[in-house]
Amino acid sequence: MTEKAAKKYVHAQWSSRWVFILAATGSAVGLGNVWKFPYTTGVYGGGAFVLIYLLCVAAIGIPIMMAEVMLGRRGRQSPINTMRKLARAEGASPLWGYLGWLGVLSGFLILSYYSVIAGWTLAYFVRTATGVFSVPVAGGMTPDGVQAIFAQFVSNPEALLAWHTLFMILTVVVVARGVQSGLEKAVRWLMPALFILLLVLVGYAMNTDGFAQAMEFLFRPDFSKITAPGVLSAMGQAFFSLSLGMGAIMIYGSYLPSNASIAGTSVTIAAADTLVALLAGIAIFPIVFANGLEPAAGPSLIFQTLPLAFGKMAGGDFFGALFFLLLVFAAWTSAISLIEPVVAWMAENHGLTRVMATAVAGTITWVLGIVTILSFNHWKFSFSFFGDVKENGMFDVLDILTANIMLPVGGIFIAIFAGWIMKRRHSEEEMAIRTPGGYDLWWFLVRFVSPVLMIFVLLHLLGLF
Ligand code: TRP
């Protein structure tokens with residue numbers, strides 16, 4: 001393939017703005033919303049964490065998302081080449097290309113553990129579908145029983161590896177075939193279905209006797225529970241959940257038709273993502289409290305609560321299986337966006353075919369995943385992170401490093417580039433915001449508010465503020 005042909009292939013366009021919204025929402029909505037948001041909220045004590053999270057989405061997430069989409073659309077290439085090209089156009093240093101590199105590295109690392117957890121979801125789909133949790137003991141499964149099943153599951157690295165492998169294969173197959181065709185169809189049906197099923201779960205949760213306590217836990221902030229690592233995690237969670245800081249949204253933006261509104265689209269995506277996360281929290285915590293489970297259980301939280309609920313619900317095997325299956329799909333559309341920037345870049349710069357590029361990137365990620373697999377069994381260790389005890393060894397290290405550090409650092413540079421390096425008239429032209437004052441508001445946020453907040457949170461952690 002000639003370079004030109006390759007570019008054209010990689011840089012097809014979404015057929016409409018609506019498809020971009022679906023694809024970007026597919027990227028944003030995933031394990032981050034249903035698995036990570038509830039467990040992190042539980043670890044950091046509820047309401048105060050949720051409030052800080054929402055503030056981060058509004059003051060940092062949305063402006064950065066707009067910046068990423070804008071840069072992507074203006075560059076129209078993979079993040080590394082986009083950053084180089086835009087830096088050249090603005091007369092800035094070619095070193096900005098390294099921002100794309102940071103994103104590629106974050107993508108590899110995140111996908112390596114993301115795929116392992118998505119593998120758990122696959123395994124739990126099979127378990128619910130085969131009725132593992134609906135054993136007819138009086139009153140259904142006990143909390144202890146569900147916990148034991150989970151503990152036994154993660155103690156077996158071969159099983160985890162098999163599920164991780166299966167999920168990586170699923171991801172690589174779609175990416176190799178080109179994101180547009182497969183993804184457009186998938187997200188159109190699956191996202192609404194997941195949303196409806198979450199509502200069913202919320203309906204169930206409302207009728208348990210943990211509901212009032214859960215609402216209190218989630219929405220009444222107790223600021224005495226918030227610590228510096230908690231604030232950092234809330235900010236990291238905003239980046240993780242919105243797929244920001246590594247070029248995933250940037251590359252989807254590079255496929256966006258030039259007449260689509262960047263601001264309106266970004267707000268829509270962020271709102272949908274936040275709604276799903278909150279619904280997941282509202283579904284899960286009543287089950288936690290009604291069954292006397294530990295809110296701070298960590299990554300195992302949804303794998304303990306949901307099977308309990310489905311075990312007791314009428315038609316629980318069916319709903320449970322459907323729910324985990326939809327969660328697999330949500331994780332799938334997210335995983336695709338984690339690997340897409342790398343693949344596009346390899347295809348653009350190294351003359352690899354899309355299939356080869358995907359195979360190489362997929363294999364690297366697959367091998368890296370073994371680190372996460374072992375963190376839950378043979379290589380389990382705990383450590384203290386600014387006073388927080390983390391029990392899942394390398395998994396926690398990877399999570400903190402990527403979501404809480406690399407993504408926000410990427411975000412700081414994106415904000416600096418969009419707000420300070422890029423000429424105002426260039427960003428204004430690309431954003432084409434029609435609402436009066438809309439552009440100025442974005443410009444102010446991306447130039448001052450977001451970077452200052454991000455830098456403050458990172459420095460605060462180091463005790464420098
Ligand atoms: N946002 C996804 C989720 O919530 C995960 C994800 C996909 C992601 N692409 C990303 C996170 C890019 C950070 C960067 O599950």
Side-chain angles (χ1 to χ4, degrees), residues 22-41 53 56-57 60-61 64-65 67-69 72 78-79 99-100 102-121 167 171 174-175 179 183 187 190-191 194-195 198 233-253 266 269-281 299 302 326-344 361 365 398-411 414:
L22 283 174
T25 312
S27 164
V29 174
L31 296 174
N33 307 60
V34 177
W35 161 74
K36 199 169 183 217
F37 176 76
Y39 100 66
T40 321
T41 300
Y53 172 73
C56 288
V57 168
I60 303 174
I64 300 280
M65 182 178 283
E68 265 201 46
V69 179
S78 70
L99 182 54
L102 178 72
V104 164
L105 188 61
S106 314
F108 273 128
L109 294 177
I110 294 175
L111 186 55
S112 79
Y113 66 83
Y114 202 83
S115 167
V116 174
I117 311 296
W120 296 2
T121 317
F167 185 80
T171 303
V174 175
V175 175
V179 165
L183 203 63
V187 284
L190 298 169
M191 307 305 296
L194 179 68
F195 187 75
L198 259 181
S233 292
M235 181 171 83
Q237 175 64 19
F239 275 91
F240 187 89
S241 192
L242 296 170
S243 302
L244 297 177
M246 63 142 291
I249 291 294
M250 199 184 283
I251 196 156
Y252 281 13
S266 302
I269 297 163
D273 186 74
T274 306
L275 184 62
V276 173
L278 291 176
L279 284 177
I302 67 163
L326 289 169
L327 192 51
V328 169
F329 279 111
W332 198 4
T333 53
S334 300
I336 290 166
S337 79
L338 281 162
I339 204 170
E340 175 66 11
V342 192
V343 169
T365 324
L398 280 173
D399 173 39
I400 293 172
L401 181 69
T402 53
N404 297 359
I405 297 174
M406 292 168 76
L407 298 179
V409 167
I414 289 169

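Because the structure is predicted, anything quoted here is derived from the model rather than measured. Values below: every heavy atom of this structure, side chains too, minus hydrogens, waters and symmetry copies. For ligands, and for the atoms within them, numbers begin at 1 and follow the listed sequence.
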Problem set entry | Ser334 (side chain) donor-acceptor with Val29 (main chain) under 3.5 angstrom | yes

Exercise. What protein heavy atom sits nearest atom 6 (C) of ligand 1, and how far away is it?
Worked result: Ser243 OG, 3.5 Å

For this session: Please assess Ser243 against Ser27 for the test side chain to side chain donor-acceptor pair (under 3.5 Å), listing each intermediate value before the final yes or no.
Result: CA-CA 7 Å; Ser243 302; Ser27 164; 2.8 Å; yes

Exercise. Ligand 1 and Ala28, any nitrogen or oxygen pair closer than 3.5 angstrom?
Worked result: yes

Exercise. Considering all heavy atoms of both residues, which atom of Gly247 and which atom of Pro79 are nearest to each other, and what is their separation?
Worked result: O-CG, 3.5 Å

Problem set entry | Distance-only side-chain donor-acceptor flag, Thr40 / Tyr53, under 3.5 Å | no

For this session: May I ask you to test the Asn404-Met235 pair for a side-chain heavy-atom distance under 4.5 Å?
Result: no

For this session: Would you mind listing which atoms of ligand 1 come within a distance below 4.0 Å of any non-hydrogen atom of Leu407?
Result: 13 (C)

Problem set entry | For Leu31, the ligand 1 atoms whose distance to one of its heavy atoms is below 4.0 Å | 15 (O)

Problem set entry | For atom 2 (C) of ligand 1, closest protein heavy-atom neighbour | Ser27 O, 3.2 Å

Problem set entry | Minimum side-chain heavy-atom gap Lys36-Asp399 below 4.5 Å | yes

For this session: Among all protein heavy atoms, pick the one closest to atom 15 (O) of ligand 1 and tell me residue, atom and distance.
Result: Tyr114 OH, 2.5 Å

Problem set entry | Element-labelled atoms of ligand 1 that are located less than 4.0 Å from some non-hydrogen atom of Met246 | 12 (C), 14 (C)

Exercise. For ligand 1, which atoms, with element, lie under 4.0 Å from some heavy atom of Ser337?
Worked result: 7 (C), 9 (N)

For this session: Any atoms of ligand 1 less than 4.0 Å from a non-hydrogen atom of Ser241? List them with their elements.
Result: 1 (N), 4 (O)

Problem set entry | Name of the residue among Val343, Val175, Leu111 meeting side-chain contact (heavy atoms from CB on, under 4.5 Å) with Ile336 | Val175

For this session: Any atoms of ligand 1 less than 4.0 Å from a non-hydrogen atom of Ala248? List them with their elements.
Result: 12 (C)

For this session: Take every heavy atom of Trp35, measure it against each atom of ligand 1, and state whether any distance is under 4.0 Å.
Result: no

Exercise. So do the side chains of Pro341 and Met246 get within less than 4.5 Å of each other, counting heavy atoms only?
Worked result: yes

For this session: Considering heavy atoms of the protein only, find what lies nearest to atom 11 (C) of ligand 1 and give residue, atom and distance to 0.1 Å.
Result: Phe240 O, 3.2 Å

